[in-house]
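A quick note: this is a predicted structure, and the numbers were derived from the prediction, not measured.
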Amino acid sequence: MFRNRYKLIVSIIIIILLLLGNVYAVPYIRLIINGQQVYTDVPPQIVNGTTLVPIRVISETLGAKVNWDGDTQTVTVDMPQYTLEAKMVEHYWETTNDNTGNITPPAIDSSVSGTLNSYLKDAYTLLKQKAPEAYKLVCAYISKVSEAETTTDSNVFATTYSNTHTIVFNTPALKMFNNNPYFYNVECIAITLAHEAYHGQQMASGSFEPNNVNCNEATAYTYEYFVAKQLGVPQDLLNWIKTQITNNLN
């Protein structure tokens with residue numbers, strides 16, 4: 001009787017060890033956040049092929065606040081107001097401005113036509129007054145604005161070149177939209193600058209998806225819509241931006 005009970009206990013222990021083997025029988029898992037190794041009280045584990053890491057250390061390392069509500073058994077993670085990319089802009093702003101709140105906006109190349117030249121200058125002022133964070137983004141990620149025939153496709157209004165931090169407005173598109181007040185005015189130029197500056201931010205922060213153009217455009221148009229609302233653009237233009245978001249998500 002004793003021997004049978006002993007065998008039963010040993011069998012149970014072996015079964016438990018086999019079941020837990022896939023949790024503990026793994027090499028040490030390193031946790032690296034933003035290039036720095038982070039050490040945790042509870043080490044990362046692999047359970048049934050899924051890697052589990054403690055949410056608190058990851059969230060707090062990235063600047064978020066983690067709270068536990070025992071009454072409702074709820075974990076809440078609150079991100080700070082400024083994301084990593086926004087901090088990059090703030091750093092650029094703090095180290096570049098002249099301590100008076102002024103900063104040099106993107107240079108306007110001699111290739112820019114008269115009408116666009118005028119719109120650009122007014123667009124800088126408009127962004128600075130009504131969408132100051134977008135204005136910071138434009139100043140941080142655009143060094144020069146140019147104009148050229150980048151493509152015969154008149155649907156391409158502007159293109160960002162990350163290696164030179166230059167935005168090139170497409171001449172055929174400017175000509176096509178010349179008589180359309182919703183697509184070629186100060187507000188339109190302003191939100192286009194914000195859109196392209198957002199792409200520059202994506203590239204600088206590493207969030208740009210080189211193999212997913214639609215994803216990049218959807219997020220940039222979403223930001224453009226936010227800025228457009230701040231500028232108070234006509235509803236027709238807002239509807240057009242929403243259509244672009246939808247088209248790139250489908």
**Student:** Let me know which of Thr192, Ile142, Val138 forms a side-chain contact (heavy atoms from CB on, under 4.5 Å) with Ile167.
**Tutor:**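 Exactly one option meets the side-chain contact (heavy atoms from CB on, under 4.5 Å) with Ile167, and it is Ile142.
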
**Student:** Which heavy atom of Val112 sits nearest to which heavy atom of Val145, and what is that distance?
**Tutor:**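 Closest heavy-atom pair between Val112 and Val145: CG2-O, 3.6 Å.
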
**Student:** Using atom types as modelled, flag every donor-acceptor pair under 3.5 Å from a side chain in residues 222-230 to any protein atom, sequence neighbours excluded.
**Tutor:**
residue: Thr222; atom: OG1; partner: Ala218; partner atom: O; Å: 2.7
residue: Glu224; atom: OE1; partner: His195; partner atom: ND1; Å: 2.7

**Student:** Check for me, please, whether Leu137 and Leu120 land in the same ILVMFWY cluster - side-chain distances under 4.5 Å, paths through other members count.
**Tutor:**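 Yes; tracing contacts between hydrophobic side chains, which count when under 4.5 Å, links both residues.
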
**Student:** Just so I know, are the side chains of Leu231 and Leu126 near enough to count as touching, which here means a heavy-atom distance under 4.5 Å?
**Tutor:**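 Yes, at least one pair of side-chain atoms sits under 4.5 Å.
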
**Student:** Does one hydrophobic cluster hold both Val168 and Tyr141, with members joined at side-chain heavy-atom distances below 4.5 Å?
**Tutor:**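 No, Val168 and Tyr141 fall in different hydrophobic clusters.
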
**Student:** Does a donor on one side chain and an acceptor on the other come within less than 3.5 Å for Glu149 and Thr171?
**Tutor:**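 The answer is no; no qualifying pair exists.
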
**Student:** Would you say the side-chain atoms of Ser118 pair up with the backbone N or O of Gly114, donor to acceptor, closer than 3.5 Å?
**Tutor:**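 Not at all, since once roles are kept as given, no pair shorter than 3.5 Å links the two residues.
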
**Student:** Give, for atom CG of Leu127 and atom CD of Glu187, the distance between the pair rounded to the nearest 0.5 Å.
**Tutor:**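 So the CG of Leu127 and the CD of Glu187 are separated by 10.0 Å.
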
**Student:** Give the minimum heavy-atom separation between Leu193 and Ala123, together with the two atoms involved.
**Tutor:**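 It is CD1-CB, 4.2 Å.
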
**Student:** So do Asp109 and Glu147 actually touch side chain to side chain, heavy atoms under 4.5 Å?
**Tutor:**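 They are not in side-chain contact.
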
**Student:** Please find out if less than 6.0 Å separates the ring center of Tyr119 from that of Tyr184.
**Tutor:**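 Centroid distance Tyr119-Tyr184: below 6.0 Å, so yes.
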
**Student:** For a quick check under 3.5 Å, do His199 and Glu196 share a side-chain donor-acceptor pair by atom type?
**Tutor:**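 Checked: His199/Glu196 side chains show no N/O donor-acceptor pair below 3.5 Å.
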
**Student:** Please tell me whether Ser111 and Ser146 have a donor and an acceptor in their side chains that are separated by less than 3.5 angstrom.
**Tutor:**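 Indeed, the side chains of Ser111 and Ser146 share at least one donor-acceptor pair under 3.5 Å.
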
**Student:** With a 3.5 Å distance limit and no angle check, can you tell me whether Asn170 reaches the backbone of Asp153 through a side-chain donor-acceptor pair?
**Tutor:**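 Flag set: sc Asn170 to bb Asp153 pair under 3.5 Å.
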
**Student:** Side-chain contact test, heavy atoms from C-beta onward, threshold under 4.5 Å: evaluate it for Phe157 versus Leu174 and give yes or no.
**Tutor:**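 Side chain of Phe157 against side chain of Leu174, heavy atoms only: contact under 4.5 Å found.
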
**Student:** Can any side-chain N or O of Ser143 pair as donor or acceptor with the backbone N or O of Pro106 at less than 3.5 Å?
**Tutor:**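 Checked: no pair found.
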
**Student:** Please examine the side chains of Asn216 and Gln202, heavy atoms only from C-beta on, and report whether any two atoms are closer than 4.5 Å.
**Tutor:**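 Of all side-chain heavy-atom pairs linking Asn216 with Gln202, at least one is under 4.5 Å.
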
**Student:** Rounded to the nearest 0.5 Å, what's the gap from CG on Asp122 to CG on Asn117? Could you check?
**Tutor:**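 Taking CG in Asp122 and CG in Asn117, the distance rounds to 10.0 Å.
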
**Student:** Tabulate below the donor-acceptor pairs under 3.5 Å that side-chain atoms of residues 238-245 make, not counting sequence neighbours, or state none.
**Tutor:**
residue: Asn239; atom: OD1; partner: Gln235; partner atom: NE2; Å: 2.9
residue: Asn239; atom: ND2; partner: Gln235; partner atom: O; Å: 3.3
residue: Thr243; atom: OG1; partner: Asn239; partner atom: O; Å: 3.0

**Student:** How far does OH of Tyr135 sit from OG1 of Thr125, to the nearest 0.5 angstrom?
**Tutor:**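 Reported value, rounded in 0.5 Å steps: 7.5 Å.
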
**Student:** Could you check whether any side-chain heavy atom of Tyr161 comes within less than 4.5 Å of a side-chain heavy atom of Thr150, counting everything from C-beta outward?
**Tutor:**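 Yes. Closest side-chain heavy atoms under 4.5 Å.
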
